[in-house]
Peer 1: 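To start, I am sharing the structure in question, which I have written as structure tokens.
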Amino acid sequence: MPELPEVENTRRNLVRSGFLGATITGADITWANTVKKPSAAELAGGIKGRTIQDIQRRGKYLIFPLSPQPSGAGPGTFIVHLGMTGRLYIQPQSQKPHPMVRHSFPLNDGRELRFEDGRKFGKLWLVDSPDEVLPAMSPEPFDDDFTVETLAESFHGRKTPVKALLLEQSVACGLGNLYADESLFLAGIHPERPASGLSTGELARLRQSIIDALTAAYGVYDRARDQLWPNAPTALTTWSHPRDEKAECPNCQTNMAAIRVRARGTYFCPKCQV
DNA sequence: AGTACGTCCTGATCGC
DNA sequence: TGCGATCAGGACGTAC
């Protein structure tokens, strides 16, 4: 599932594709429920003729500032959330689309922006400003203002399992199920610990582990991109999610435990994570 | 306010 | 071999 590193990787791949400055010449929306604002028909009409001016990311959201429409509509913002299975990429219009491509946006250079989304959990918006769409989110984990104090404030008085809290974008934006587990593994913290029970020292470790887990993923994606790695993964295998039936903790060789926290698959080392 | 659960989706996998 | 049942989860809505 796309989390912060995957969304950022998508952004960088789009930048590398030379997509900036292209003009969108149409829209083929085959699953209207994906379009959250305005209607699918309004989005299709409103995006036509606009030029992509930039590609930004906030949390797991991809943000495309657009030029004004020649017909008169003012500047707009195209926003995409990849959901669980969403992928966004550029391909030649002549290339046969993957069967799970739900929407395509032809460009004036013979190529096409394609949104592939098997489970249809992705979301699209076309609005004046990102403020209309983006929920309250924590500082970006790589920014200086993602501090222990900020984290402590979010955790204060919350008895909910720390794993569940890490999935809230207002607490640690960009984390999803995989990197939440990975962060807790690196920090040596049990996923079911009540959040408010963590010590300041544990919060400091957790903050650094979040950054470390995301940094490691960035490295893999950057190397894949730089080397044009043909089989670059779309999601990472990590220490905590080895996807191996007989997984052992890489630190102590204890068998990793699989439980469910808030109906989410959760993996951890019962010996190292306390 | 904090907490917990249901909902949307369908490809992949499982069990009989 | 086939086919129905189950699983997976990001973010939001709803209920207590």
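So that the names make sense, note that chain A is the first sequence line, chain B the second, and so on, each numbered from 1.
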Peer 1: Measure the distance from CG on A:Asp117 to C1' on B:dT10 and round it to the nearest whole Å.
Peer 2: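 Rounded to the whole Å, the gap is 10 Å.
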Peer 1: Report the distance from atom CD of A:Glu116 to atom C1' of B:dT10, rounded to the nearest whole Å.
Peer 2: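 Whole-Å distance recorded here is 13 Å.
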Peer 1: Would you say A:Thr51 and A:Thr23 are linked by a side-chain donor-acceptor pair, where the criterion is simply a distance under 3.5 Å?
Peer 2: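 Note: A:Thr23 and A:Thr51 side chains meet the donor-acceptor criterion.
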Peer 1: Evaluate A:Leu175 against A:Leu167 for side-chain contact (heavy atoms from CB on, under 4.5 Å), listing each step before the verdict.
Peer 2: CA-CA 6 Å; A:Leu175 286 196; A:Leu167 294 175; 5.6 Å; no
Peer 1: OP1, OP2 of B:dC9 versus side-chain N and O of A:Arg102: anything below 4.0 Å?
Peer 2: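 No, outside the criterion.
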Peer 1: Could you check whether the side chain of A:Arg264 and the base of C:dG10 have a donor-acceptor pair of N or O atoms closer than 3.5 Å, going by distance alone?
Peer 2: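 Donor-acceptor pair under 3.5 Å: yes.
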Peer 1: Are the ring of A:Phe121 and the base ring of C:dA11 both nearer than 5.5 Å at their centres and tilted by less than 30°?
Peer 2: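 A:Phe121 ring does not meet the centre or angle cut-off for C:dA11; no stack.
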Peer 1: Round to the nearest Å and state the distance from A:Leu167 atom CG to C:dA8 atom P.
Peer 2: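 Distance, rounded to whole Å: 15 Å.
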Peer 1: Write down the distance between NZ (A:Lys123) and C1' (B:dC8), rounded to a whole number of angstrom.
Peer 2: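 Atom NZ in A:Lys123 sits about 9 Å away from atom C1' in B:dC8.
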Peer 1: Looking at every non-hydrogen atom in both residues, tell me the closest pair between A:Glu248 and A:Asn255 and how far apart they are.
Peer 2: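 Answer, listing the atom of A:Glu248 first, then A:Asn255: CG-OD1, 3.7 Å.
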Peer 1: Hey, does the side chain of A:Lys60 come within less than 4.0 Å of C:dA11's phosphate (OP1/OP2), counting only N and O?
Peer 2: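 For C:dA11, OP1 or OP2 has a side-chain N or O of A:Lys60 closer than 4.0 Å.
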Peer 1: Could you state the CZ-P distance from A:Arg119 to B:dT10, rounded to the nearest angstrom?
Peer 2: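 Checked: the CZ to P distance equals 11 Å.
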Peer 1: Just by distance, do the side chain of A:Gln208 and the backbone of A:Arg205 share a donor-acceptor pair under 3.5 Å?
Peer 2: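 Not confirmed, A:Gln208 side chain does not pair with A:Arg205 backbone.
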Peer 1: Measure from CG on A:Leu178 to C1' on C:dG9 and round the result to the nearest Å.
Peer 2: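 To the nearest whole Å, that distance equals 12 Å.
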Peer 1: Between A:Leu4 and A:Lys60, which heavy-atom pair has the shortest distance, and what is it?
Peer 2: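 Heavy atoms only, the tightest pair is N-CG, 4.4 Å.
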Peer 1: So, is the end of the A:Arg111 side chain (NZ or CZ) under 6.0 Å from the ring centre of A:Phe19 and within 45° of the ring's axis?
Peer 2: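 A:Arg111 over A:Phe19 ring: no.
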Peer 1: Which is more 5' along DNA chain C, the nucleotide nearest A:Val133 or the one nearest A:Met84? Just name the residue.
Peer 2: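 The answer here is A:Met84.
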Peer 1: Does a salt bridge link A:Glu42 with A:Lys37, judged by any charged N lying under 4.0 Å from a carboxylate O?
Peer 2: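 Not counted as a salt bridge, because no side-chain N and carboxylate O are separated by less than 4.0 Å.
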Peer 1: Compare side-chain N and O positions of A:His81 against OP1 and OP2 of C:dA11 and report whether any pair is under 4.0 Å apart.
Peer 2: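 It does, given that an N or O in the side chain of A:His81 lies less than 4.0 Å from OP1 or OP2 of C:dA11.
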Peer 1: Using a 4.0 Å heavy-atom cut-off across all strands, classify A:Asn33 as base, sugar-phosphate, or nothing.
Peer 2: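 Sugar-phosphate, no base atom in range.
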Peer 1: Give a yes/no on whether any side-chain N or O of A:Gln169 is located under 4.0 angstrom from OP1 or OP2 of C:dG10.
Peer 2: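 A:Gln169 to C:dG10 OP1/OP2: no side-chain N or O under 4.0 Å.
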Peer 1: Rounded to whole angstrom units, what separation is found between the CZ atom of A:Arg260 and the C1' atom of B:dC5?
Peer 2: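 Computing the A:Arg260:CZ to B:dC5:C1' distance gives 13 Å.
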Peer 1: Could you check how far CD of A:Glu168 sits from P of B:dA1, rounded to whole Å?
Peer 2: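 Distance, rounded to whole Å: 14 Å.
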Peer 1: Got a sec? Which of residues 149-162 of chain A come in under 4.0 Å of DNA chain B, heavy atoms?
Peer 2: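 Within residues 149-162 of chain A, the residues near DNA chain B are A:Gly157, A:Arg158, A:Lys159, A:Thr160.
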